[in-house]
Student: 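I'd like to ask you about the structure that follows.
Not measured: the values here are computed from a predicted model. So that the names make sense, note that chain A is the first sequence line, chain B the second, and so on, each numbered from 1.
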Number of protein chains: 2
Amino acid sequence: MTNGIYIGDAARQSGVKVPTIRYYEQIGLLRSPLRSDSNRRFYDTADLRRLAFIRHARELGFDIEAIRALLTLQDNPSQSCATADGIAKARLIEVDQRIRSLLALKAELEVMIEECRHGRVADCKVIEVLADHGECQHHHK
Amino acid sequence: MTNGIYIGDAARQSGVKVPTIRYYEQIGLLRSPLRSDSNRRFYDTADLRRLAFIRHARELGFDIEAIRALLTLQDNPSQSCATADGIAKARLIEVDQRIRSLLALKAELEVMIEECRHGRVADCKVIEVLADHGECQHHHK
DNA sequence: TGTTGCTCCTCCAGCGGCTAGAGAATGTAA
DNA sequence: TTACATTCTCTAGCCGCTGGAGGAGCAACA
């Protein structure tokens, strides 16, 4: 068909699962596509690009509302770019934060594993480390 | 009271919110505590340690089932430590993975922000980067 | 011309891990 | 006493999907 592809192919080509595509349509992130005579959705290349955009942004950790904002900007390209910039900067701060705490966690897990010498649980540091830490440090986010 | 503290204090001391404590009890992660005459929950220091354990493990990204497994080990200390060790090792792999992809993401965000010179959206790299990437690379997890 | 097997449709329920609210009963302080 | 805080139970909602039921349609082959 030259009018487009079915949802299954759109899913395969975009890397977004079929129910997720329908979900995005439902919440208004994706326009309602054309339908075949038998009511099947048809997607074109513009839809595929939009899906790829969404998927990538989700992978980068943008939440749906941020993506909605970015897509709105994309649909109205004469606006200022400051909003998009702001969204990206907010994400950068979050990401930095998460990297830092994951690195701390990694160090902690390595200690746990290193000290656990396959003895009995009574001697196992994995559990000890987890139990102790909560009492000595309180670095709530 | 020498029999323990109320849920509010338990929440303040453990860093776990009141409804979350009740939720943990509901899903069987925490035993049902003693109650006062007027039906209020009383927590003792053992409960506080367990809560701190759970909070810390959650911060480290362990899911509830992993924590349940760790707590079961803790309650039966004569078992082998291999299970706890396995759980920690699995987490370490995950964490490493996430650090790597967050670092990649950070780099990408920095490029996006760097190249966005507060012009119009038409020239804005924030959106372009997001749109393009999905088409060239497909490093699905 | 079946009939097998795949995709698609809609609708609705459920997941994890909380979080928030209603409405009622206690507890504590001035 | 009056006010306010805290607790209780119960229920519903949050996000971002994910899966299943039950049915329609379509393509290919015998």
Student: Is there a side-chain contact between B:Tyr24 and B:Ile64 in this structure, where contact means two heavy atoms from C-beta onward sitting under 4.5 Å apart?
Tutor: yes
Student: In whole Å, I'd like the distance from the CD atom of B:Gln26 to the C1' atom of C:dT19.
Tutor: 12 Å
Student: List the atom of A:Ser14, the atom of A:Leu48, and the distance in Å for their closest heavy-atom pair.
Tutor: CB-CD2, 4.4 Å
Student: Atom CD1 of B:Ile27 to atom P of C:dC18: distance rounded to whole Å?
Tutor: 8 Å
Student: Please find the earliest and latest nucleotides of DNA chain D, in the 5' to 3' direction, that have an atom within less than 4.0 Å of any heavy atom of chain A.
Tutor: D:dG16 to D:dC26
Student: Give a yes or no on whether a salt bridge exists between B:Glu25 and B:Arg22, defined as a side-chain N under 4.0 angstrom from a carboxylate O.
Tutor: no
Student: Using heavy atoms to find the nearest nucleotide of DNA chain D for A:Asp37 and A:Ile64 separately, return the residue whose nucleotide is more 5′.
Tutor: A:Ile64
Student: Counting side-chain heavy atoms from CB outward, which of C:dC9, C:dT19, C:dG17 is closest to A:Arg35?
Tutor: C:dC9
Student: Take the protein atom CD of B:Glu65 and the nucleotide atom C1' of C:dG17, then report the distance between them rounded to whole Å.
Tutor: 12 Å
Student: Determine, for B:Asp44 against B:Arg31, whether the closest basic-nitrogen to carboxylate-oxygen distance falls under 4.0 angstrom.
Tutor: yes
Student: Would you please confirm or rule out a distance under 4.0 Å between OP1 or OP2 of C:dG27 and any side-chain N or O of B:Ser38?
Tutor: yes
Student: Does B:Glu110 form a side-chain contact (heavy atoms from CB on, under 4.5 Å) with A:Leu92? I'd like the steps, not just the answer.
Tutor: CA-CA 7 Å; B:Glu110 275 165 350; A:Leu92 181 59; 3.9 Å; yes
Student: Between the protein and nucleotides 6-8 of chain C, are there any N/O to N/O pairs under 3.5 Å, and if so, what are the atom names and distances?
Tutor:
| unit_1 | atom_1 | unit_2 | atom_2 | d |
| --- | --- | --- | --- | --- |
| C:dT7 | O2 | A:Arg40 | NH2 | 2.9 |
| C:dC8 | OP1 | A:Gly8 | N | 2.6 |
| C:dC8 | OP2 | A:Gly8 | N | 3.4 |

Student: In chain order, what residues pass the salt bridge (charged side-chain N to carboxylate O under 4.0 Å, His left out) check against A:Arg50, with sequence neighbours excluded?
Tutor: A:Asp75
Student: If you compare all heavy atoms of B:Asp47 against all heavy atoms of B:Phe42, which two are closest, and at what distance to 0.1 Å?
Tutor: OD2-O, 4.2 Å
Student: What are the two closest heavy atoms between B:Gly8 and B:Val18, and how far apart are they?
Tutor: CA-CG2, 4.0 Å
